[in-house]
Amino acid sequence: MEHSQQTFPVDPAVLKKMKTELTRFMMTYKFALDEMDTKISILQEEFQYVHDYNPIEHISTRLKSPESILEKAQRKKLPLNLATIRNELNDIAGIRINCSFQKDIYEIKDMLSAHQDLRVVEVKDYIKAPKENGYRSLHLIAELPVYMSDRVEHVAVEIQIRTVAMDFWASLEHKIFYKFGEVVPNDMRHELKEVADIAAQLDTRMEGLHRRSEQHKEQYYARESMKSLQVDQKQFALPERLLQALSNIDETPKDS
Ligand SMILES: Nc1nc2c(ncn2[C@@H]2O[C@H](COP(=O)(O)OP(=O)(O)OP(=O)(O)O)[C@@H](O)[C@H]2O)c(=O)[nH]1
Ligand SMILES: Nc1ncnc2c1ncn2[C@@H]1O[C@H](COP(=O)(O)OP(=O)(O)OP(=O)(O)O)[C@@H](O)[C@H]1O
């Protein structure tokens with residue numbers, strides 16, 4: 001049977017309008033990510049300056065690809081129009097912050113939540129309550145204003161905050177299983193969960209080591225400053241002896 005290719009008359013003006021709308025739609029998410037990137041870089045630099053410590057190991061941003069948006073919209077059985085996609089998909093713009101230690105995750109969350117132009121609309125704490133497969137991370141959905149030439153858009157950004165150990169597990173699991181539609185065999189599910197728990201133990205132990213090393217450093221600096229204090233006292237000992245000697249001099253005028 002011969003397949004005839006059907007052609008539809010396409011109005012170029014309509015096509016152009018669709019292209020412009022789609023480009024502007026994606027641009028708002030890109031701008032929101034740029035803003036987030038700047039916010040986090042400022043936090044990072046200032047925190048380093050004030051506390052002499054950088055809690056952030058690495059930041060990555062990603063704009064969801066049109067294929068991934070389409071796949072997710074179909075998976076969620078959403079009608080395919082930009083307004084619905086904007087309302088229903090909160091992770092078109094995503095930023096991931098990899099921290100050194102678990103306590104840093106909550107500090108960063110608090111610092112970001114304090115930004116007045118950033119509204120945290122949802123928090124999912126997969127650290128306090130890990131997913132069944134062992135996935136751990138703190139997820140925030142935040143809205144921030146993006147100033148376009150003719151309007152202000154309030155754009156949702158998904159912020160994933162995790163330690164490097166959590167990221168190690170999640171990145172590899174994402175490659176191996178996450179988008180694998182079928183059920184993962186039982187033995188593999190158990191092993192995956194076990195590996196996630198080992199990663200969590202690594203986090204706890206590294207955080208313990210960090211705490212102990214901070215105490216050790218504090219004690220070391222306290223001892224060093226005591227030593228330099230003693231050296232200073234020795235340097236001042238001579239004038240003090242002189243003062244003592246001077247105070248013993250009887251200055252009352254003597255009758256000649
Ligand atoms: N590797 C890995 N990543 C995950 C897992 N669960 C969630 N994520 C990541 O976190 C993102 C958001 O996940 P959730 O906050 O659970 O959201 P959700 O249940 O997918 O809900 P919607 O995104 O609203 O559909 C996903 O798009 C992934 O990037 C997981 O089990 N493994
Ligand atoms: N918030 C985020 N920040 C940075 N990178 C992300 C974020 N979310 C996902 N990614 C990464 O982007 C890549 C593409 O992810 P993709 O959009 O296909 O799926 P997903 O968002 O992880 O899952 P889903 O479609 O189920 O929401 C993956 O490597 C994923 O780890």
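Atoms within a ligand are numbered from 1 in the order they appear, just like the ligands themselves.
A salt bridge is defined here as a Lys NZ or Arg NE, NH1 or NH2 lying under 4.0 Å from an Asp or Glu carboxylate O, and E173 with K175 fails to meet this definition. In summary, R62 and D91 engage in a salt bridge, as defined by a charged side-chain N under 4.0 Å from a carboxylate O.
The heavy atom nearest to atom 15 (O) of ligand 2, out of those in Q160, R62, M36, is found in R62. Here the shortest heavy-atom distance to atom 30 (C) of ligand 2, taken over K76, R96, E173, E158, belongs to R96. When E132, K124, K72 are ranked by how near their heavy atoms come to atom 18 (P) of ligand 1, first place goes to K124. Summarising the contacts of atom 2 (C) of ligand 1 with E158, H174, E173, R96, the nearest heavy atom is found in E173.
No N or O atom of W169 sits closer than 3.5 Å to an N or O atom of ligand 1. An N or O contact shorter than 3.5 Å links K131 to ligand 1 by distance. Of the N or O atoms in E71, none lie within a sub-3.5 Å distance of an N or O in ligand 2. Considering backbone and side-chain atoms together, T61 places no N or O closer than 3.5 Å to any N or O of ligand 2.
Near D91, the atoms of ligand 2 lying under 4.0 angstrom from a non-hydrogen atom of the residue are 21 (O), 27 (O). For ligand 1, the atoms sitting less than 4.0 Å from at least one non-hydrogen atom of D91 are 27 (O), numbered in the order shown with element in parentheses. Near R75, meaning under 4.0 Å from one of its heavy atoms, ligand 2 places the atoms 24 (P), 25 (O), 26 (O). Near K64, with a cut-off below 4.0 Å to any heavy atom, the atoms of ligand 2 are 16 (P), 17 (O), 19 (O), 20 (P), 21 (O), 23 (O), 24 (P), 25 (O), 27 (O). For ligand 1 and N133, the ligand atoms under 4.0 Å from any heavy atom of the residue are 30 (C), 31 (O). Under a 4.0 Å criterion applied to the non-hydrogen atoms of K72, ligand 2 contributes the atoms 24 (P), 25 (O), 27 (O).
Atom 3 (N) of ligand 1 has its closest protein heavy atom at Y135 CE1, 3.3 Å. In terms of protein heavy-atom proximity, atom 13 (O) of ligand 1 is nearest to H139 CE1, 3.6 Å. Among all non-hydrogen protein atoms, the one lying nearest atom 24 (O) of ligand 1 is K76 NZ, 3.6 Å. Here the protein heavy atom with the shortest distance to atom 28 (C) of ligand 1 is Y178 OH, 3.7 Å. For atom 16 (O) of ligand 1, the closest non-hydrogen atom on the protein side is Y126 OH, 2.7 Å. Nearest non-hydrogen protein atom to atom 29 (O) of ligand 1 is Q160 NE2, 3.4 Å.
Note on L138: it does not cluster hydrophobically with Y135, by side-chain heavy-atom contacts below 4.5 Å among ILVMFWY residues.
Interatomic distance, E143 CD to H154 NE2, rounded to the nearest 0.5 Å: 7.5 Å. Distance CD1/I92 to NZ/K30: 16.0 Å, rounded to 0.5 Å.
Under a cutoff of 6.0 Å and an axis angle of 45°, K128 and Y106 form a cation-pi pair.
Atom CZ of F25 has more than 12 neighbouring heavy atoms from other residues, nucleotides or ligands inside a 6.0 Å radius.
Applying salt bridge (charged side-chain N to carboxylate O under 4.0 Å, His left out) to R136 and the options D203, D197, D167 leaves one that passes, D197. For the pairing with E21, the salt bridge (charged side-chain N to carboxylate O under 4.0 Å, His left out) check across R24, K19, K17 returns one residue only, K17.
Nearest approach of E207 to Q102, heavy atoms of both residues: OE1-N, 3.2 Å.
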Note to self: Test salt bridge (charged side-chain N to carboxylate O under 4.0 Å, His left out) on E214 and R212; report intermediate values, then the result.
What the structure shows: CA-CA 5 Å; E214 289 298 295; R212 279 162 55 199; over 6 Å; no
Margin query: Using the rule given for side-chain contact (heavy atoms from CB on, under 4.5 Å), can you reason through V195 versus W169, listing the C-alpha separation, both sets of side-chain angles and the distance that settles it, and then say yes or no?
Written below: CA-CA 8 Å; V195 179; W169 183 94; 4.0 Å; yes
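Using a 4.5 Å heavy-atom threshold, the side chains of D117 and K39 count as touching.
The closest approach between a heavy atom of K175 and any atom of ligand 2 is not below 4.0 Å.
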